[in-house]
Amino acid sequence: MENNKIRVRFAPSPTGHLHIGGARTALFNYLFARKYNGTFILRIEDTDELRSTRESMHSIFESLKWLGLNWDEGAMSEDDEKGDYGPYIQSKREARGIYKKYVDFLIEKGYAYYCYCTPEELEEMRKKATLEKRPPRYDGRCRNLTNEQIEKFRAEGRKPVIRFKMPDDGVTEWNDLIHGHLSFENKLLYDFIMIKASGYPTYNFACVIDDHLMEMSHIIRGDDHISNTPLQINLYKAFGWKLPEFAHLSMILGPDGSRLSKRHGATSVGEYRKEGYLPNTMKNYLALLGWSTKDSQQIFEVGELEEKFSLDGCQKNPAIFDPVKLKWMNGEYIRKLSKDQLFDYAIPFIKDAGIDLSKSRVSPVEIVALEQEKYKLLSDIPKLVDFFFIDEINYNPDAVEKVLKKPEVLKILSGIKAVYTSIDDFKDTVIEEKTRAFAKENGYKAGQVFHPLRVSVSGRTEGPTLFKMMEYFGKDLVIKRIDEALKIVSDSLS
RNA sequence: GCCCUCAUCGUCUAGUGGCCUAGGACAUCGCCCUUUCAAGGCGGAGAUCAGGGGUUCGAAUCCCCUUGAGGGCGCCA
């Protein structure tokens, strides 16, 4: 049954990068389509001639792809598209005159009219209304202009807009798939603009025409659109078109409960990517903002979200974006990666930090994997592995003070140096065995030897497991660094 | 100002009339493991279910009011 086919869309306007909220809307549409074997469509709503940019469009494509929200139909890039309902970029649709015939139809049927009010007049109208404590919306004054008035406005060179004539009474209602029954009194609605003075359609108009023409079955969007919905429904009714199902997702707020904005930190998907978050982390975390399973599952395997998603699990109330939990989740996802996957993700971050990967004796893949359970962000990696790739390490002053400047350290280090010099097979198990034996023979506790050693070879008090680390450094480098540490200790004694 | 929406631990949430002395996760605290930092394991604290009225034998769950928060009232989307 062609008519029962699930078709959903994400319809961003290219006026900036893909934001967290937009990504979440895209994700839910994508998951819904996957769950019910439907079609996920990407449409670009660039009817804001002033703010829409090609760069933004590109950036949105990139972010969507990075998140793995692959769409089946629609604008595939700035210049390519796929599907039988195109064009999928509204400016191109406008250029083809797609909207015009629907405008003409409405005017002919008396559902739309020209309005000659200037922006200044409208501003004045709103101000006055606010002062008089009335709703600051258009009062419909151009609904019944006389021919003389129209002549006069034209003579003044005024460019009209085209407004939709909203019904004066009755109610507009629908059954929202998330909120349930929603209803608005028509007299509280207003004659919204369908066509701007520039000839371009507005959001509320183009959106309805396209959703209908593209045969959308479900409109899943943010609940900031709830009050646009009755406006749009009246348009559908004027055309006599079948309504799609509506589902309004709750908003995402910043940690202080206000609308998520720059002052809360990163707000775009691209920024999180740069900070070292994995795409699957973002997908999983975003899914959990406003949606959950009956058992409050937190981490989802590949494909599991697509399988378990449902509109029933969607929350009505807004969700606060929690960067702390996001970070935890990223650690979880990093730990699930194979060594090779981790390394592939790490490369750009390591290179950015200026680290020369050729400078280590062992495979950098192994080195990066050494501290896998520790990374919360991919950007944590360089500073945790850098001492594997540089000759001269920096000794952390606090570490030197706390660990190396102890009375027995000089003896321990020179003793252990002698032990290491005699090891031929410099492997972690061998080193550990010899080191423990050295401690025991000389009456030291293991930790008394391990700690100064760690600081000596790495310059820090924390790091990877000690013996594996030394094995990777290699015997020569370990001895060289013990010598350096020895020098620091003896210098401080004199 | 008007309209709409929403309301469970600090946060994300489970819960759809009795299984709730409200469950899970993040964060937090303590203990264990341990060569460090993590990770992991175990345990604790944390929500009189915004407040007040009803309905009912019984309400976080249904109804009403109040309060608070968010959204909208654009030739932005």
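Just so we're on the same page: letters track the sequence lines, and every chain starts at 1. Values below: every heavy atom of this structure, side chains too, minus hydrogens, waters and symmetry copies.
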Is A:R481 close enough and on-axis enough to A:F473, meaning under 6.0 Å and within 45°, for cation-pi?
-> yes
Would you mind classifying the nucleic acid contact of A:E332 as base, sugar-phosphate or nothing, using non-hydrogen atoms under 4.0 angstrom?
-> sugar-phosphate
Does A:K376 make a side-chain N or O approach to OP1 or OP2 of B:A39 shorter than 4.0 Å?
-> yes
Among side-chain atoms of A:H212 and A:Y102, is any donor-acceptor pair under 3.5 angstrom?
-> no
Return the value, rounded to whole Å, for the distance between atom CG of A:N204 and atom P of B:A77.
-> 9 Å
Indicate, with a heavy-atom threshold strictly under 4.0 Å, whether A:V324 touches base, sugar-phosphate, or nothing.
-> sugar-phosphate
Of all the choices, B:A38, B:A7, B:C3, which nucleotide is nearest to the side chain of A:N317 once you look at every atom?
-> B:A7
Sugar-phosphate, base or nothing in reach of A:G290, heavy atoms under 4.0 Å = sugar-phosphate
Roughly, in whole Å, what's the span from CD1 in A:I320 to P in B:C6?
-> 18 Å
Does A:L342 reach the side chain of A:V368, with side-chain heavy atoms less than 4.5 Å apart?
-> yes
Side chain A:S250 and base B:U5 donor-acceptor under 3.5 Å = no
Classify the nucleic acid contact of A:G257 as base, sugar-phosphate or nothing, counting any heavy atom under 4.0 Å across all strands shown.
-> sugar-phosphate
Look at the side chain of A:A319 and decide which nucleotide, out of B:G74, B:U13, B:C76, has an atom nearest to it.
-> B:U13
Between atom CG in A:D256 and atom C1' in B:G68, what is the gap in whole Å?
-> 15 Å
Which is true for A:Q315 with a 4.0 Å heavy-atom rule: it touches a base, it touches only sugar-phosphate, or it touches nothing?
-> sugar-phosphate
Touch check for A:T47, heavy atoms < 4.0 angstrom, all strands: base, sugar-phosphate only, or nothing?
-> sugar-phosphate
Which of B:C73, B:A77, B:G70 is nearest the side chain of A:Y203? It is B:A77
Have a look at A:H225 and say if it touches a base, only the backbone sugar-phosphate, or nothing, with a 4.0 Å heavy-atom cut-off.
-> base
Under 4.0 Å between any heavy atoms, over every strand shown, what does A:A197 touch: base, sugar-phosphate, or nothing? Just pick one.
-> base
Taking OP1 and OP2 of B:G15, is either one under 4.0 Å from a side-chain nitrogen or oxygen of A:K294?
-> yes
NA contact type, A:C314, heavy-atom cut-off 4.0 Å: base, sugar-phosphate, or nothing?
-> nothing
Report which part of the nucleic acid A:P12 touches: base, sugar-phosphate, or nothing (heavy-atom distance under 4.0 Å, all strands).
-> nothing
Is any side-chain heavy atom of A:D322 closer than 4.5 Å to a side-chain heavy atom of A:P255?
-> no
How close or far is atom C1' of B:C73 from atom NZ of A:K133, stated in whole angstroms?
-> 17 Å
At under 4.0 Å, does any side-chain N or O of A:S292 touch on OP1 or OP2 of B:A14?
-> yes
Would you indicate, yes or no, if B:A77 has its OP1 or OP2 atom less than 4.0 angstrom from a side-chain nitrogen or oxygen of A:R51?
-> no
Atom of A:Y190, atom of A:M166 and distance for their closest heavy-atom approach = O-CE, 3.4 Å
Can a donor-acceptor pair be found between the side chains of A:T281 and A:Y272 at a distance below 3.5 Å?
-> no
Under 4.0 Å: is that the gap between some side-chain N or O of A:R335 and OP1 or OP2 of B:G40?
-> yes
Nearest atoms (heavy-atom pairs only) where A:R158 meets A:E121 | NH1-OE1, 3.1 Å
Of all the nucleotides listed (B:C75, B:C26, B:U35), which has the minimum atom distance to the side chain of A:L122?
-> B:C75
Now, which nucleotide makes the Watson-Crick or G-U wobble pair with B:C2, with each of the two distances under 3.5 Å?
-> B:G72
Closer than 4.0 Å, any side-chain N/O of A:R134 to the OP1 or OP2 of B:C73?
-> no
Taking OP1 and OP2 of B:A77, is either one under 4.0 Å from a side-chain nitrogen or oxygen of A:K196?
-> yes
Scan A:Q298 against the nucleic acid and name what it touches under 4.0 Å (heavy atoms): base, sugar-phosphate only, or nothing.
-> base
Distance under 6.0 Å and angle within 45° of the ring axis: does A:R24 meet both against A:F28?
-> yes
How would you label the contact of A:L182 with the nucleic acid (heavy atoms, under 4.0 Å): base, sugar-phosphate, or nothing?
-> sugar-phosphate
Take atom CG of A:L466 and atom P of B:C37, then tell me their distance rounded to the nearest Å.
-> 13 Å
Please evaluate the base of B:A77 for a donor-acceptor partner in the side chain of A:N228 within a cut-off of under 3.5 Å?
-> yes
Out of B:U35, B:A27, B:C6, whichever nucleotide has its closest atom nearest the side chain of A:P318 = B:C6
Complement of B:C9, any strand, by Watson-Crick or G-U distances under 3.5 angstrom | none
If only side-chain N and O atoms of A:S296 are considered, is one of them under 4.0 Å from the OP1 or OP2 phosphate oxygen of B:G23?
-> no
Calculate the interatomic distance between A:I178 atom CD1 and B:C4 atom C1'; express it in whole Å.
-> 16 Å
Which is true for A:R454 with a 4.0 Å heavy-atom rule: it touches a base, it touches only sugar-phosphate, or it touches nothing?
-> base
Watson-Crick or G-U wobble partner of B:A77, both distances under 3.5 Å | none
